[in-house]
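Order of the sequence lines fixes the chain letters, A, B, ..., with proteins taken first and strands second; residue numbering starts at 1 for each chain.
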Amino acid sequence: MHETFTITQIRTENYRTKTFVFDKPFSGAQPGQYVMAWLPDVGEKPFSIAGADPLRLMVVAVGPFSEALHRLDVGDRVWARGPLGQGFALEGRHHLLVGGGYGVAPLLFLARKAVAAGHTVDVCIGARTAADVLLAEAFVSTDSTDFNGFVGEKSVKSVPSVEKLSITTEDGSLGGRGLVTQAVEAAIHARRPDCVYACGPTPLLVALARLCREHTLPHQLSWEAHMRCGMGLCGDCELDAVTRQVAGIPAGWLVCKDGPVLRFA
Amino acid sequence: MHETFTITQIRTENYRTKTFVFDKPFSGAQPGQYVMAWLPDVGEKPFSIAGADPLRLMVVAVGPFSEALHRLDVGDRVWARGPLGQGFALEGRHHLLVGGGYGVAPLLFLARKAVAAGHTVDVCIGARTAADVLLAEAFVSTDSTDFNGFVGEKSVKSVPSVEKLSITTEDGSLGGRGLVTQAVEAAIHARRPDCVYACGPTPLLVALARLCREHTLPHQLSWEAHMRCGMGLCGDCELDAVTRQVAGIPAGWLVCKDGPVLRFA
Amino acid sequence: MPDVTCHFLNLTLRNPIILASGILGTSADLLERAAREGAGAVTAKSCGPTPRAGHPNPVAVDWGHGLINAVGLSNPGAAEEARMLAEARARLEPLGVPLIASIFAGTTAEFGEVARTITAARPHLIEVNISCPNVADEFGTPFAASCESAAAVTEAVKRNVGDIPIAVKLAPNVPDIARIAAAVVEAGADAITAINTMPGMVINADAGRPVLSNRIGGISGPALKPIALRCVYQIARTVRVPIIGTGGVTTGRDAAEMLLAGATAVGVGSAMWTRGVGALGDIAAELAVWMGQAGYGTLEEIGVRSEE
Amino acid sequence: MPDVTCHFLNLTLRNPIILASGILGTSADLLERAAREGAGAVTAKSCGPTPRAGHPNPVAVDWGHGLINAVGLSNPGAAEEARMLAEARARLEPLGVPLIASIFAGTTAEFGEVARTITAARPHLIEVNISCPNVADEFGTPFAASCESAAAVTEAVKRNVGDIPIAVKLAPNVPDIARIAAAVVEAGADAITAINTMPGMVINADAGRPVLSNRIGGISGPALKPIALRCVYQIARTVRVPIIGTGGVTTGRDAAEMLLAGATAVGVGSAMWTRGVGALGDIAAELAVWMGQAGYGTLEEIGVRSEE
Ligand SMILES: Cc1cc2nc3c(=O)[nH]c(=O)nc-3n(C[C@H](O)[C@H](O)[C@H](O)COP(=O)(O)OP(=O)(O)OC[C@H]3O[C@@H](n4cnc5c(N)ncnc54)[C@H](O)[C@@H]3O)c2cc1C
Ligand SMILES: Cc1cc2nc3c(=O)[nH]c(=O)nc-3n(C[C@H](O)[C@H](O)[C@H](O)COP(=O)(O)OP(=O)(O)OC[C@H]3O[C@@H](n4cnc5c(N)ncnc54)[C@H](O)[C@@H]3O)c2cc1C
Ligand SMILES: Cc1cc2nc3c(=O)[nH]c(=O)nc-3n(C[C@H](O)[C@H](O)[C@H](O)COP(=O)(O)O)c2cc1C
Ligand SMILES: Cc1cc2nc3c(=O)[nH]c(=O)nc-3n(C[C@H](O)[C@H](O)[C@H](O)COP(=O)(O)O)c2cc1C
Ligand code: FES
Ligand code: FES
């Protein structure tokens with residue numbers, strides 16, 4: 001069942017992205033899990049949990065539902081059910097996080113968790129242009145009030161930031177120019193991580209899956225699909241055969257329930 | 001829903017009474033609460049919980065259902081739902097327990113609880129003849145394995161017994177001759193209890209209610225009625241108007257759910 | 001604080017929570033208790049032409065997501081019931097709590113007779129139970145199963161009750177409950193009660209047997225709620241008479257859902273198993289709190305918003 | 001260890017647990033996965049004459065005592081479905097797991113056409129879904145609502161499937177499901193699947209709206225179990241064809257109850273929400289353990305004892 005959440009804060013992240021902070025926690029939520037957010041008479045869509053205490057969601061306005069969310073104000077309500085699906089699980093003590101688009105949202109949540117556990121974290125963010133880069137400062141900020149990203153960390157005032165943050169844009173308008181996979185290669189060579197975690201567009205994930213296999217690195221990738229029930233029943237969220245094959249995803253794997261995160265050792 | 005209980009032990013208490021010990025506890029049950037015992041194709045009737053860990057019931061064979069129970073052997077199964085209703089709650093530190101018929105079963109459970117708490121207990125048992133007296137030895141036994149009467153006391157080997165046990169029979173074949181209320185009067189004069197607890201036939205309870213009011217003694221009496229739902233829904237277990245009036249029971253009081261124990265301060 | 005006064009036909013209830021039929025409605029004492037514990041109105045247990053003992057035990061169990069019962073319409077017969085109702089009415093009068101009688105019968109003609117007998121007690125409303133699922137063996141398919149039989153009973157009762165309004169109580173196990181509702185309203189029903197229990201069976205695997213002695217019984221409580229909400233919603237969009245929405249209401253929030261679905265008042269029965277008789281008043285109080293938070297001042301506002 | 005082999009019509013299932021229609025049965029991959037995770041047989045999602053997108057989100061929620069869904073019969077149309085089924089059948093063959101197709105349509109004639117198209121894939125059984133509650137607006141009262149329409153569909157399908165046996169899937173929201181069962185058996189049904197979901201509505205009070213975009217949906221899961229057991233019980237005492245008992249089965253013990261009610265095999269759907277796809281094999285294993293404890297050696301013995 002959907003719980004009622006009231007917006008307490010809205011932060012504009014870039015020209016088409018806002019973060020919504022809500023009035024209460026989503027207990028037990030793990031980085032990589034998602035909620036089905038419902039706006040009556042509009043629809044219901046999956047959104048990664050960008051922070052659990054209190055709940056926060058980062059929304060890129062790209063179509064009817066996300067635009068409806070963007071029209072909301074502080075005090076307005078959103079309904080959400082979850083937490084759904086399988087999230088990221090920290091493996092080892094040095095982590096490489098790779099995000100594209102809204103994918104940085106669950107990774108920030110994950111980074112906070114890893115850093116709080118005393119682990120080290122490298123982050124690679126990819127985007128089209130400087131304007132599309134999201135949350136870059138949040139990853140290196142030491143002010144946790146800026147993104148009280150996970151359960152029980154509300155009161156932590158100064159958390160050490162990630163070790164190394166590299167940004168890549170396709171047009172070179174911020175950070176390195178090119179594809180984020182190049183930055184990932186570099187990061188792996190600089191310091192081999194115990195595990196690679198990624199969330200972003202499918203082509204990015206497919207490329208990363210190949211790269212991690214080459215380097216025999218454990219990796220956990222968060223996949224995206226059209227979701228309906230979100231409960232592992234309707235079968236709608238199966239990935240297409242091509243994606244599955246190139247990424248080595250098992251047949252019959254359901255993004256909504258077996259995923260969205262798939263782990264390869 | 002009914003849980004399945006398997007009989008592990010059967011003890012004959014008198015010419016028409018058996019105690020059944022079952023294979024598992026009835027967690028959280030309090031003295032004075034009851035179960036609805038179900039025998040498929042036979043029926044379902046209320047029985048006081050005579051011991052909760054493991055469950056034990058003491059059954060007087062008086063009609064079709066109780067006789068069907070008496071025909072069961074070790075290894076046979078009985079189904080029970082509960083614990084139902086409001087039981088006894090210990091008030092003060094010196095208690096007077098008054099039992100008639102199967103009413104001694106919940107009182108023994110209560111006595112064990114009181115004694116274990118370091119309280120003192122007097123007991124008055126009433127019966128028609130010596131043959132009808134039930135559980136008399138159990139009240140004064142120090143061998144708790146004999147009637148491991150309540151939760152968490154399975155391992156207690158030697159529990160102090162009750163202070164004073166007085167038995168009254170109508171024909172004088174055991175203990176004093178006459179009515180148990182006379183013994184109760186005597187017990188009250190010998191040592192005034194903080195509270196009187198009773199379970200037995202309605203006339204006994206009515207007499208006790210009057211007596212306790214005269215002595216302005218708090219009392220907790222366990223009433224009996226025809227029970228169907230046992231859930232406070234069907235209304236069948238309302239006491240008749242006469243009994244209610246003489247005993248001062250509030251109108252609309254449901255034996256199955258508000259009772260069977262009614263407390264007067 | 002929002003106003004939970006409920007205007008139901010010509011009656012004014014201090015709140016919309018109505019004791020449902022068959023729960024505690026067996027005596028004047030129990031009806032009075034339900035009123036004192038906070039009900040806006042109280043319904044007596046269904047009574048038929050002659051006394052019935054009902055089914056042997058077990059007659060009711062909690063199966064984890066709701067209850068099932070087959071009490072079997074035990075009742076003292078219409079004549080005795082009328083006496084009880086007259087006393088109950090006198091006791092409820094000073095409390096300002098309306099009394100609803102409930103009747104059942106085996107034939108259309110008998111429905112008329114029972115209604116006439118009961119009318120002597122001047123209940124504020126007579127509920128016509130054409131939907132009891134536990135006596136089908138004796139009485140055949142319930143009258144609630146077809147438009148024709150439901151309408152015929154409604155007419156027979158209506159002819160025998162003078163100016164006392166009637167509510168017809170419908171069954172959920174029909175393909176299209178709105179059609180039945182339309183038929184009984186056409187036949188003169190002043191209100192609808194929806195719904196009675198849903199026929200079901202609880203089996204104890206170890207015992208290898210259905211739990212109820214009657215085998216089949218009626219499901220009530222939480223499991224029934226979405227079925228009841230759907231029925232109320234469909235009926236409210238088809239007929240213009242008030243509805244007593246009944247089924248699985250356990251909290252004030254559940255009551256709000258029932259009002260949003262289109263009910264004018266809310267029946268409560270099984271909730272008293274888990275919450276006691278005090279549930280009646282507590283649910284009304286919770287509803288008021290919820291209304292305050294949700295920005296409703298009166299029950300009518302909920303009705304309006306739900307039709308948007 | 002007891003033998004859970006299930007003899008269903010001419011089929012031999014390694015266990016009686018059947019993946020219910022509409023759950024995961026949308027692709028050959030998912031049907032194969034259900035088989036690998038332990039199902040005795042698998043049912044594809046219902047397909048109709050032409051592709052349908054289904055309803056917009058929300059299409060399903062867990063409301064605490066069960067689920068409600070209105071997926072809206074999304075499907076790729078019969079021709080595409082037949083291709084998928086043929087592939088699925090090939091993949092299931094080596095696993096020894098029979099494939100059940102499921103069809104729906106808007107008219108009796110269309111039912112026949114869809115059946116004929118699907119027959120090309122040679123499923124082991126064709127389930128005829130005359131009971132989907134989520135598309136009533138478009139398709140009117142479901143065919144399962146009356147003996148006449150249910151029998152007509154059965155005959156139309158039967159004429160088009162050659163030697164492939166058919167099971168007709170019935171709806172719980174009828175006054176007398178046994179009569180419908182008798183009518184479809186009379187019309188040629190080889191088996192019965194009972195039941196489809198029960199129409200219901202879940203309302204979010206704060207939102208002031210029904211949760212499903214379709215407003216009305218079908219209730220499944222725990223809340224449905226006693227309704228399904230009652231339906232299976234009534235059908236089993238009326239007709240002599242095997243029944244796939246479906247509704248709320250979550251554990252091996254639930255499956256035992258379904259068999260005791262009179263089912264020959266047991267459909268499982270919603271349980272996969274709480275227990276994952278592995279529920280299929282787990283429930284079969286739990287059933288075997290329970291049978292051992294209860295002293296049953298084979299499924300047939302359960303059937304016999306339940307008829308005593
Ligand atoms: C597991 C999971 C987690 C998700 N988490 C988030 C999240 O945290 N934040 C978020 O904003 N979205 C997230 N999404 C996507 C979200 O569910 C919606 O798909 C998205 O909001 C678009 O919906 P819409 O109705 O606004 O537009 P639609 O009409 O559905 O889409 C409009 C167009 O935009 C494209 N599109 C969809 N999503 C994006 C995107 N993120 N960036 C660029 N183009 C896109 C679509 O392919 C389509 O072409 C997630 C999806 C999944 C499956
Ligand atoms: C709260 C409650 C607790 C109970 N606890 C116990 C218990 O612990 N042990 C127990 O044996 N019974 C107990 N009973 C009584 C029990 O529920 C049945 O009523 C009893 O077993 C008789 O059922 P039956 O079908 O065998 O006979 P019935 O046909 O119901 O009764 C046969 C006759 O015996 C009379 N009778 C009923 N009970 C007794 C009795 N105990 N002694 C003498 N005559 C009786 C009846 O009035 C009737 O005339 C309890 C009842 C209630 C309401
Ligand atoms: C024990 C019990 C007895 C009932 N008896 C009757 C009855 O006599 N007449 C009637 O119309 N409904 C009867 N009902 C149905 C209720 O009035 C109500 O319609 C149903 O229980 C759904 O509401 P609930 O979920 O709040 O209990 C009975 C229900 C229960 C649980
Ligand atoms: C999400 C979902 C989709 C369903 N789709 C179909 C369908 O396409 N065809 C059908 O005959 N039944 C469909 N059903 C009904 C199931 O097959 C089954 O009859 C019902 O869910 C009861 O079983 P359960 O409680 O085990 O889920 C669907 C059920 C669910 C939950
Ligand atoms: S969205 Fe329904 S199975 Fe994944
Ligand atoms: S036995 Fe039903 S109310 Fe007490």
Side-chain angles (χ1 to χ4, degrees), chain A residues 1-6 23-24 34-47 63-66 68 76-86 225-245 249-259, chain D residues 19-20 22-37 44-45 53-65 67-75 91 202-213 215 217 220-221 269-279:
Chain A
M1 276 292 276
H2 301 92
E3 274 186 71
T4 311
F5 291 87
T6 302
D23 59 334
K24 56 182 189 198
Y34 65 99
V35 298
M36 290 295 279
W38 172 46
L39 290 177
D41 305 322
V42 180
E44 188 197 41
K45 294 248 163 153
F47 289 88
F65 190 83
S66 48
D76 285 342
R77 290 169 306 172
V78 173
W79 284 265
R81 60 184 167 104
L84 297 167
Q86 311 302 318
H226 181 60
M227 288 191 194
R228 298 186 74 201
C229 71
M231 306 171 91
L233 298 176
C234 72
D236 254 60
C237 63
E238 246 194 312
L239 289 173
D240 63 284
V242 177
T243 304
R244 273 199 282 110
Q245 246 155 18
I249 293 169
W253 191 79
L254 295 169
V255 175
C256 75
K257 186 144 165 81
D258 302 311
Chain D
L19 174 72
I23 291 97
L24 301 185
T26 46
S27 73
D29 278 342
L30 283 167
L31 288 164
E32 183 184 347
R33 178 169 174 199
R36 292 198 182 276
E37 302 233 28
K45 178 158 182 64
H55 299 306
N57 275 5
V59 295
V61 292
D62 182 335
W63 49 275
H65 299 280
L67 310 185
I68 189 165
N69 90 83
V71 169
L73 292 176
S74 39
N75 81 96
R91 300 238 221 123
V202 170
I203 292 179
N204 186 302
D206 289 338
R209 284 278 179 281
V211 172
L212 298 182
S213 72
R215 288 149 189 260
S220 63
S270 303
M272 279 172 276
W273 155 232
T274 43
R275 304 190 62 183
V277 188

Contact winner vs chain A - Ser74(D), Gly25(D), Pro58(D), heavy-atom pairs under 4.5 Å: Pro58(D)
Residue selection (most heavy-atom pairs with chain D, distance under 4.5 Å) from Met231(A), Arg81(A), Lys257(A), Glu238(A): Met231(A)
Residues of residues 269-276 of chain D contacting chain A, heavy-atom criterion under 4.5 Å, by residue number: Gly269(D), Ser270(D), Met272(D), Trp273(D), Gly276(D)
Contacting moiety of Leu31(D), where chain A heavy atoms sit under 4.5 Å: neither
Atom pair CG (Leu233(A)) and NZ (Lys45(D)), whose distance is rounded to the nearest 0.5 Å: 10.5 Å
Residues Met227(A), Asn57(D); criterion side chain to side chain contact (heavy atoms under 4.5 Å, CB included); working and verdict: CA-CA 9 Å; Met227(A) 288 191 194; Asn57(D) 275 5; 5.6 Å; no
Side chains of Val277(D) and Asp258(A) in contact at under 4.5 Å (non-hydrogen atoms): no
Asn204(D) versus chain A, the contacting section by heavy-atom distance below 4.5 Å: side chain
Contacting moiety of Leu254(A), where chain D heavy atoms sit under 4.5 Å: both
Chain A interface, residue from Val61(D), Leu30(D), Val211(D) that has the most non-hydrogen pairs under 4.5 Å: Leu30(D)
Working for side chain to side chain contact (heavy atoms under 4.5 Å, CB included), residues Val71(D) and Asp236(A): CA-CA 10 Å; Val71(D) 169; Asp236(A) 254 60; 5.7 Å; no
Nearest-0.5 Å distance that lies between atom CZ in Arg244(A) and atom CG in Asp29(D): 4.5 Å
Heavy-atom pair of closest approach, residues Arg209(D) and Pro40(A): CG-CB, 3.9 Å
Donor-acceptor pair, side chain of Arg228(A) and main chain of His55(D), under 3.5 angstrom: yes
Chain D interface, residue from His2(A), Lys45(A), Met36(A) that has the most non-hydrogen pairs under 4.5 Å: His2(A)
